[in-house]
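Residue numbers begin at 1 in each chain, while the letters A, B, ... track the order of the sequences. Atoms considered below: every heavy atom in the structure, side chains included; atoms not considered: hydrogens, waters and symmetry mates. Since the structure is predicted, the reported quantities are computational estimates derived from the model, not experimental observations.
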2 protein chains.
Amino acid sequence: MATSTVENYLKHVLLLSESGETLVSMGALALALDVVPGTVTTMVKALADEGLVEHQPRHGVRLTPDGRRVALSVLRKHRLVETFLVNVLKMDWSKVHEEAEQLEHVISDEVLDRLDALLGHPDTDPHGDPIPTRQGKLKSQVYATLATCVAERPLRIVRILEQSEDFLRYAEQNGLLPGAALQVTDRNLMAGLVTLKTDAAGSIALSLAAAGRILVEASKAS
Amino acid sequence: MATSTVENYLKHVLLLSESGETLVSMGALALALDVVPGTVTTMVKALADEGLVEHQPRHGVRLTPDGRRVALSVLRKHRLVETFLVNVLKMDWSKVHEEAEQLEHVISDEVLDRLDALLGHPDTDPHGDPIPTRQGKLKSQVYATLATCVAERPLRIVRILEQSEDFLRYAEQNGLLPGAALQVTDRNLMAGLVTLKTDAAGSIALSLAAAGRILVEASKAS
DNA sequence: AGATTCTTTTTGACTCCTCAAAATACCCGG
DNA sequence: CCGGGTATTTTGAGGAGTCAAAAAGAATCT
Ligand SMILES: [Mn+2]
Ligand SMILES: [Mn+2]
Ligand SMILES: [Mn+2]
Ligand SMILES: [Mn+2]
């Protein structure tokens with residue numbers, strides 16, 4: 001019943017509130033959805049009328065329980081589809097986001113369940129993003145990033161917070177995939193540079209900004 | 001670039017002209033698309049302006065080469081998706097048409113190619129409908145139907161010309177699937193009844209209308 | 001032919017989503 | 001406390017697709 005547009009608005013409210021304030025600004029939404037701010041204001045008012053969001057004029061917007069339900073369902077579809085495209089169809093992980101952006105709106109619950117089963121009920125997608133459960137639980141753990149973690153310790157990548165094709169392609173070429181083992185060998189805050197050593201591809205330098213997009217955890221006993 | 005709506009219009013013009021006149025009436029299109037005839041007239045004029053169809057006012061509409069290209073591409077997506085849903089996800093063949101109706105508009109060419117490969121480049125979908133090739137060739141062979149074929153001869157079902165859920169579910173329950181072997185044991189034109197004997201499910205009676213939807217060919221040497 | 005019926009086209013209106021540009025409210029430094 | 005700058009909201013308009021109802025055209029029957 002919710003149109004693709006509505007689903008996209010709700011999904012992005014969820015995404016933006018996951019990674020930041022509980023109140024999402026019109027500007028941030030406009031940027032994420034690639035529309036002008038006036039459009040967002042208008043749509044948000046409509047969504048509020050339908051009880052999908054709570055709008056605090058001039059301050060921001062927040063999902064209602066109903067809106068959150070929809071958003072989580074769309075996000076689940078998005079991430080399961082991405083997983084399918086990479087794991088089954090062997091598509092490049094840098095390209096699946098775009099595809100999933102469309103498919104998330106036309107996958108029925110039945111197809112979703114079967115995909116989920118086919119994939120073995122994964123709990124993260126190819127980028128390490130957690131997949132909401134059927135029941136609407138979203139495990140969003142807090143991890144260190146390559147910009148903030150302790151240096152000189154064995155780490156494993158758990159998630160890449162980025163969906164731009166270029167970044168992902170670059171990351172893949174340098175072995176920076178979820179599951180990869182590496183450690184930070186140097187961090188120069190003045191230069192804004194982080195140097196890593198991966199098991200697979202040797203030594204790499206990243207900007208702090210880029211490093212901040214890569215989530216890691218301490219490597220458990222090998 | 002073509003919207004889902006445009007794609008649906010073009011696909012149905014193709015479908016309707018496959019199975020009948022070369023000129024498709026507004027009324028037939030309205031029925032197929034589940035909109036009111038005035039809407040079709042309006043849309044058809046717009047499509048004609050874009051060079052996708054040729055409109056002969058008061059008589060009907062026909063695809064241009066451009067329109068046919070689009071229609072075939074949508075149809076290829078539709079039928080490959082149906083095949084995927086049945087063969088890989090093991091969905092009920094009576095339900096896949098509805099799903100494909102949406103998915104056909106959001107499958108990229110890249111995903112399509114990979115699906116095609118995964119499925120082993122099938123040339124018909126689960127209902128026996130021919131899948132247009134990548135190059136846009138659509139093999140549409142003329143077959144006899146259970147209402148018109150010779151009786152008392154071994155036959156094999158090649159195609160079911162029907163996508164209604166109820167009909168397909170019923171057909172499946174009686175073993176009337178593409179590939180099934182059977183023969184016509186009696187045909188009573190007065191009563192409008194055809195009686196069959198299938199290898200799998202024994203003796204069944206069908207209305208002439210229903211029998212006309214089931215395409216068959218003479219069974220080759222067993 | 002004349003009247004009746006069916007199909008197609010036209011007209012006017014509506015929903016959904018969007019933008020450009022103007023108006024408004026808010027925040028922050030001086 | 002005032003002036004600018006920034007974010008948000010409002011306003012007016014337009015594209016895409018649809019319907020209801022009226023008008024027009026064709027075909028069919030008597
Ligand atoms: Mn989307
Ligand atoms: Mn992802
Ligand atoms: Mn469709
Ligand atoms: Mn089919």
Side-chain angles (χ1 to χ4, degrees), chain A residues 1-13 15-17 19-63 66-67 70-71 74 101-102 104-106, chain B residues 1-13 16-17 20-63 66-67 70-71 74 101-102 104-106:
Chain A
M1 3 234 87
T3 66
S4 301
T5 305
V6 167
E7 290 188 344
N8 279 333
Y9 273 79
L10 296 175
K11 188 187 69 173
H12 278 110
V13 173
L15 252 20
L16 289 169
S17 57
S19 68
E21 302 311 307
T22 105
L23 224 34
V24 176
S25 75
M26 300 297 112
L29 261 180
L31 217 63
L33 290 160
D34 198 30
V35 294
V36 305
T39 302
V40 174
T41 301
T42 308
M43 270 301 292
V44 160
K45 268 197 297 185
L47 296 179
D49 285 350
E50 306 213 7
L52 294 169
V53 302
E54 183 189 331
H55 183 202
Q56 316 217 308
R58 232 100 219 182
H59 286 90
V61 70
R62 176 199 340 260
L63 293 174
D66 271 9
V70 176
V74 176
E101 204 55 52
Q102 304 306 314
E104 64 189 359
H105 309 294
V106 298
Chain B
M1 5 235 83
T3 64
S4 301
T5 305
V6 168
E7 290 187 346
N8 279 333
Y9 273 80
L10 296 175
K11 187 186 69 173
H12 279 109
V13 173
L16 289 170
S17 57
E21 302 310 305
T22 107
L23 224 33
V24 177
S25 75
M26 300 298 112
L29 262 181
L31 217 62
L33 290 160
D34 197 30
V35 293
V36 79
T39 301
V40 173
T41 302
T42 308
M43 269 301 293
V44 160
K45 268 198 298 187
L47 295 178
D49 285 348
E50 305 212 6
L52 294 168
V53 303
E54 184 189 331
H55 182 202
Q56 317 217 309
R58 231 101 221 176
H59 287 89
V61 70
R62 176 197 342 257
L63 292 174
D66 270 10
V70 175
V74 176
E101 204 54 53
Q102 303 307 312
E104 64 188 357
H105 309 294
V106 298

Take the protein atom [atom1] of [X] and the nucleotide atom [atom2] of [N], then report the distance between them rounded to whole Å.
{"X": "A/Gln56", "N": "D/dA7", "atom1": "CD", "atom2": "C1'", "result": "16 Å"}
{"X": "A/Leu23", "N": "D/dA7", "atom1": "CG", "atom2": "P", "result": "16 Å"}
{"X": "B/His59", "N": "D/dA27", "atom1": "NE2", "atom2": "C1'", "result": "11 Å"}
{"X": "B/Met26", "N": "D/dT18", "atom1": "CE", "atom2": "C1'", "result": "17 Å"}

B/Thr5: side chain to side chain contact (heavy atoms under 4.5 Å, CB included) partners, not counting sequence neighbours: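 B/Thr3, B/Tyr9, B/Met43.
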State, to 0.1 Å, how close [X] and [Y] come at their nearest heavy-atom pair, and which atoms those are.
{"X": "A/Thr42", "Y": "A/Gly38", "result": "OG1-O, 2.9 Å"}
{"X": "B/Ser17", "Y": "B/Thr22", "result": "CB-O, 4.1 Å"}
{"X": "A/Ala71", "Y": "A/Leu10", "result": "CB-O, 3.5 Å"}
{"X": "A/Ala2", "Y": "A/Val6", "result": "CB-CG1, 4.0 Å"}

Sequence neighbours excluded - salt bridge (Lys or Arg N to Asp or Glu O under 4.0 Å) pairs with any residue from residues 2-12 of chain B: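 The answer is B/Lys11-B/Glu101, B/Lys11-B/Glu104.
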Name the atoms and distances for all side-chain donor-acceptor pairs under 3.5 Å in residues 44-55 of chain B, with sequence neighbours left out.
from    : atom 1 : to      : atom 2 : distance (Å)
B/Glu54 : OE2    : B/Gln56 : NE2    : 3.3

Check: A/Pro57 main-chain N/O paired with A/His59 side-chain donor or acceptor under 3.5 Å: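 Yes.
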Interatomic spacing from CG in A/Asp34 to CG in A/Asn8 - rounded to 0.5 Å: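 A/Asp34 atom CG to A/Asn8 atom CG measures 11.5 Å (nearest 0.5 Å).
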Distance in Å, A/Leu16 CG paired with A/Leu63 CG, rounded so as to fall on 0.5 Å steps: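 So the CG of A/Leu16 and the CG of A/Leu63 are separated by 10.0 Å.
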Residues in contact with DNA chain D, drawn from residues 31-38 of chain A - heavy-atom cutoff 4.0 Å: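 Going residue by residue through residues 31-38 of chain A, the ones with a heavy atom under 4.0 Å of DNA chain D turn out to be A/Pro37, A/Gly38.
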Heavy-atom contact window of chain B on DNA chain C, given 5' to 3' at under 4.0 Å: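 Extent of the interface on DNA chain C: C/dT8 to C/dT10.
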Touch class at under 4.0 angstrom, heavy-atom based, for A/His55 against every strand present: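 Counting heavy atoms under 4.0 Å across all strands, the contact made by A/His55 is with sugar-phosphate only.
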Show me the protein contacts with nucleotides 14-17 of chain D, counting only N or O atoms at under 3.5 Å.
from   : atom 1 : to     : atom 2 : distance (Å)
D/dG17 : OP1    : B/Thr3 : OG1    : 2.5

